[in-house]
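Below is one structure, written out as structure tokens, with a few remarks after it.
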Amino acid sequence: QVLLVESGGGLVQAGGSLRLSCAASGFTFSEYAMGWFRQAPGKEREFVAALSYSGTRTHYGDSVKGRFTVSRDNAENTMYLQMNSLKPEDTAVYYCAAALGYSGSALMPVTVNQYDYWGQGTQVTVSS
């Protein structure tokens, strides 16, 4: 059974920080590129960040560049999203996702339909 479980969401004030975690099981974690997406009420799911199977390459959405950092620990099958300088517009449900087929590739998956597995999401709320 493939399972992705997000944690670490909560309520923070603008300018604060939060660290999200994504625990993976049921598949070979090191063979998948990983990513974070977010979705606010009434809006489409938005790309936030992605990293390669080894964690050596990363890519970020324009709205979070310079503020968010994605990383992974393949030994523990876990991905992280460090969020700094949070803004009210960062408020959304954050989803963890896994994409097969990008091992050893220079390409990075940045769209929803490129990902194979999804978690249930964790709520992040930033107050002003």
Side-chain angles (χ1 to χ4, degrees):
Q1 182 180 6
V2 174
L3 186 65
L4 297 173
V5 181
E6 302 94 338
S7 62
L11 174 65
V12 298
Q13 294 185 5
S17 298
L18 204 61
R19 191 190 192 199
L20 305 183
S21 298
C22 172
S25 62
F27 64 98
T28 305
F29 185 72
S30 61
E31 295 180 352
Y32 285 73
M34 299 292 295
W36 288 97
F37 289 77
R38 66 187 183 185
Q39 188 166 24
K43 297 184 178 180
E44 295 183 352
R45 193 162 295 188
E46 175 190 17
F47 172 74
V48 175
L51 75 171
S52 63
Y53 71 99
S54 65
T56 58
R57 297 184 63 230
T58 59
H59 185 67
Y60 298 92
D62 290 340
S63 63
V64 305
K65 287 181 179 178
R67 300 188 297 121
F68 291 9
T69 302
V70 64
S71 62
R72 67 193 293 168
D73 185 343
N74 286 350
E76 296 188 2
N77 290 357
T78 305
M79 176 178 64
Y80 304 95
L81 183 67
Q82 179 66 47
M83 305 184 294
N84 299 323
S85 301
L86 284 164
K87 305 174 181 179
E89 50 263 45
D90 294 319
T91 296
V93 176
Y94 283 71
Y95 297 91
C96 170
L100 181 64
Y102 294 90
S103 179
S105 175
L107 301 176
M108 296 287 286
V110 297
T111 63
V112 169
N113 59 14
Q114 289 179 289
Y115 284 82
D116 300 288
Y117 305 120
W118 294 85
Q120 295 299 307
T122 185
Q123 177 70 48
V124 172
T125 302
V126 184
S127 64
S128 60

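Numbers for residues simply follow the sequence, beginning at 1.
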Rounded to the nearest 0.5 Å, what separates atom OG in S127 from atom CG in L86?
10.0 Å
Are more than 12 heavy atoms, taken from residues, nucleotides or ligands other than Q120, located less than 6.0 Å from that residue's CD atom?
no
Any chain of hydrophobic side-chain contacts (each under 4.5 Å) joining V48 to Y95?
no
Taken to the nearest 0.5 Å, the spacing of Q82 CD from S21 OG works out to 9.5 Å
Quick one: does T78's side chain have a donor or acceptor within less than 3.5 Å of a partner on E76's backbone?
yes
Joint hydrophobic cluster, V93 plus F37, side-chain heavy atoms closer than 4.5 Å
yes
I'd like to know if the side chain of Y115 and the backbone of P109 have a donor-acceptor N/O pair within less than 3.5 Å.
yes
Report yes or no: does E6 contribute a side-chain atom to a donor-acceptor pair with the main-chain N or O of G121 at less than 3.5 Å?
yes
Going by the angle between their ring planes, with limits at 30° and 60°, are Y32 and Y117 parallel, tilted or perpendicular?
tilted
CG of L18 to OG1 of T122: how many Å apart, nearest 0.5 Å?
8.0 Å
Which pairs, with at least one residue in residues 56-81 and sequence neighbours excluded, count as a ring pair (Phe, Tyr, Trp, His ring centres under 6.0 Å)?
F47-H59
Kindly compute the distance separating OG1 (T69) from CG (L51), expressed to the nearest 0.5 Å.
11.5 Å
So do W118 and R45 actually touch side chain to side chain, heavy atoms under 4.5 Å?
yes
Donor-acceptor check, side chain of R38 to backbone of V124, threshold 3.5 angstrom: yes or no?
no
May I ask you to decide if V126's main-chain N or O and T91's side chain share a donor-acceptor pair within less than 3.5 Å?
yes
Residues S30 and N74: closest non-hydrogen pair is CB-ND2, 3.8 Å
Answer whether the closest heavy-atom distance between the side chains of E46 and S63 falls below 4.5 Å.
yes
So disulfide bond (SG atoms under 2.5 Å apart) across residues 7-66, not counting sequence neighbours, yields C22-C96
Salt bridge or not between K87 and D90? Use side-chain N to carboxylate O under 4.0 Å.
no
Can you hop from V12 to W36 via hydrophobic side chains spaced under 4.5 Å?
yes
So CG of D73 and CE of M79: to nearest 0.5 Å the spacing works out to 12.5 Å
Flag side-chain contact, heavy atom, 4.5 Å: M34 against L4
yes
Name all residues meeting the salt bridge (Lys or Arg N to Asp or Glu O under 4.0 Å) criterion together with R57; count only those two or more places apart in sequence or in a different chain, and write none if there are none.
none
From Q39 atom CD to E44 atom CD, the distance as rounded to the nearest 0.5 Å
8.5 Å
